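Below is one structure, written out as structure tokens; comments come after it.
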There are 2 protein chains.
Amino acid sequence: MKPEKHLPGGAIPQASLRRLPQYHHYLVELEAKGVSRVSTSLIGRELNLVPVQVRKDLQYTGIVGRPKTGYEVKELIQTIESFLGWNNVNEAFLVGAGNLGTALLGHERFSRFGLRIVAAFDTDAAKIGSWIHDKAVLPLDKLPELAGRMGIHLGIITAPAEVAQSVADRMIEAGIQAIWNFAPVRLRVPERIFVHNEDLYSSLASLSWKLAARFHTGLRHESDDLAEPEPQRSVQE
Amino acid sequence: MKPEKHLPGGAIPQASLRRLPQYHHYLVELEAKGVSRVSTSLIGRELNLVPVQVRKDLQYTGIVGRPKTGYEVKELIQTIESFLGWNNVNEAFLVGAGNLGTALLGHERFSRFGLRIVAAFDTDAAKIGSWIHDKAVLPLDKLPELAGRMGIHLGIITAPAEVAQSVADRMIEAGIQAIWNFAPVRLRVPERIFVHNEDLYSSLASLSWKLAARFHTGLRHESDDLAEPEPQRSVQE
DNA sequence: TGCCTTTCGATATATCTTTATCGGGTATGA
DNA sequence: TCATACCCGATAAAGATATATCGAAAGGCA
């Protein structure tokens, strides 16, 4: 309970947190194939990561492996799921029933990872009252009352950038504790609120910068003209 | 392989690259308000970052500011845009005309950031031949030929995880150099191909882990019971 | 059984990213 | 004109993350 250097129960680099679902995905594939044990070298080969890093990430979940054999696939899947909280359902409200909002509302597979979008909200009278993928589109004004009554603690913002902040404010008033923000704005929220930004423009920046750099430098690359020492390791993030 | 300390022409931390669009967004707002100069302290206050960091990020673009006044807003916007390659258009093919694909096809604002999705591809006969947001949905088999002829070098994958790898393979055969991957799979591609993964499940992991941790520890937080020394700085990434 | 190889776990090192500090320039206002 | 506060740029320190190394344990095989 006292925050040590490495929090016993609860500190993990963001980067590791991002990789865990990738391990999970691969492990589920393995399980489907009937594989019962897996080593970090195998996972690493599949995901283009060095075994040490995989091992380190897995250690954060608290699982222990055995020399020579590695980890039990089933147990590892379970451990990751419970570590990520995918066992308990998080109910969420989504605000902004545009294109992106509609896509998320229709994403069935979220339910397998503990996320259930309960309803959508919008201010567009044309949308209010309609149903999108079996979820009702309600007037935004109703959000505070409903969130309180239903005990919703997760909000998803797919509204335009201009209104994202005000949407967030309302969510927080309504008692929402975490926000998944798809609007290209850095929300200003109190300390206790957790915000995860899904900024597509940031991603776009990586891509276009890379493409631009490629052309400017005439396809030049640090390692292009060297005999590559490591195997096939592609640039990803 | 002796990369210099700071790569002369073209190295920038991913994190900085992610922040640049956020600066850009804020700067455009400022310009609209008629503000002509801006300091890193101002930007930092707005985006919850320390001025030093903003300054460092901006330095990667090569812009120079002036003491006391800061930077010219117009010039800074221009510099960021050109640094990110948002001045030249990148034409892209999108594969997977599902919910998410549809959303991206309808995202008009991409064009303001140098991205133009030219056409969509799918294998679903019901979708082929239709038009989504004024973009034709074509059979996937046509992709290689068209990509070559039109000189497309960017591919967007919004197809299901199961087929993502094979889609990527086809794209690469077709001469595509960069891939924006929305499927929850780590693609295996040759070294020269740049892949940017937009893994929603990874984001979900951050969120659900955070929510789960919050409940497990009884809402406890490092700084909840301390007088906060710094202003309002929320947990974001 | 005994040797060899694989793999984990822990520790140490290297690299990358963020934050702090300092010096100097420049607008502002007396 | 001069003092002052502000802000940039550069360098240094701190912090976080990724990689390398080593010993020990466990299965495979002669």
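This is a predicted model, so every value here is computed, not measured. Residue numbering restarts at 1 for every chain, and letters A, B, ... go by the order of the sequence lines.
Note on ring orientation: taking the six-membered ring where Trp is involved, the planes of A:W180 and A:H196 are perpendicular (angle over 60°, cut-offs 30° and 60°). Note: B:H24 and B:W86 have perpendicular aromatic rings, judged against thresholds of 30 and 60 degrees for the angle between ring planes.
Atom P of nucleotide D:dA16 and atom NZ of A:K56 are separated by 13 Å, given to the nearest angstrom. Distance CD1 (B:I43) to P (D:dC7): 12 Å, rounded to an integer number of Å. Going from atom CD of A:Q53 over to atom C1' of C:dT15 covers 13 Å, rounded to whole Å. Between the CZ atom of A:R55 and the P atom of C:dT6 there is a distance of 14 Å, rounded to whole Å. Rounding to whole angstrom units, CG of residue B:D57 and P of C:dT17 are separated by 11 Å. Atom pair B:L17:CG and C:dT17:P shows a separation of 11 Å (rounding to whole Å applied). Distance, B:Q59 CD to C:dT18 C1': 14 Å, rounded to whole Å. As rounded to whole Å, 13 Å separates atom P of D:dA18 from atom CD of B:Q14.
Comparing A:R66 and B:T69 by the nucleotide of DNA chain D whose heavy atom lies nearest to each, the residue mapping closer to the 5' end is B:T69. Comparing A:V52 and A:K68, the nucleotide of DNA chain D nearest to each residue sits closer to the 5' end for A:V52.
Within the 4.5 Å cutoff, side-chain heavy atoms of B:L42 are placed close to those of B:Y26.
Within the 4.0 Å cut-off from OP1 or OP2 of D:dT17, not a single side-chain nitrogen or oxygen of A:Y60 is found. Between A:S39 and the phosphate of C:dT7, there is a side-chain N or O to OP1/OP2 separation shorter than 4.0 Å. B:T40 has no side-chain polar atom (N or O) that falls below the 4.0 Å cut-off from OP1 or OP2 of D:dC7.
Residue A:I43 holds its CD1 atom at 10.5 Å from CZ of A:R55, rounded to the nearest 0.5 Å.
Contacts of B:R19 with the nucleic acid, taken as non-hydrogen atoms under 4.0 Å apart, involve only primed sugar atoms and P, OP1 or OP2.
Between A:Q165 and A:D169, the side chains place a donor N or O and an acceptor N or O closer than 3.5 Å (distance only, hydrogens not considered).
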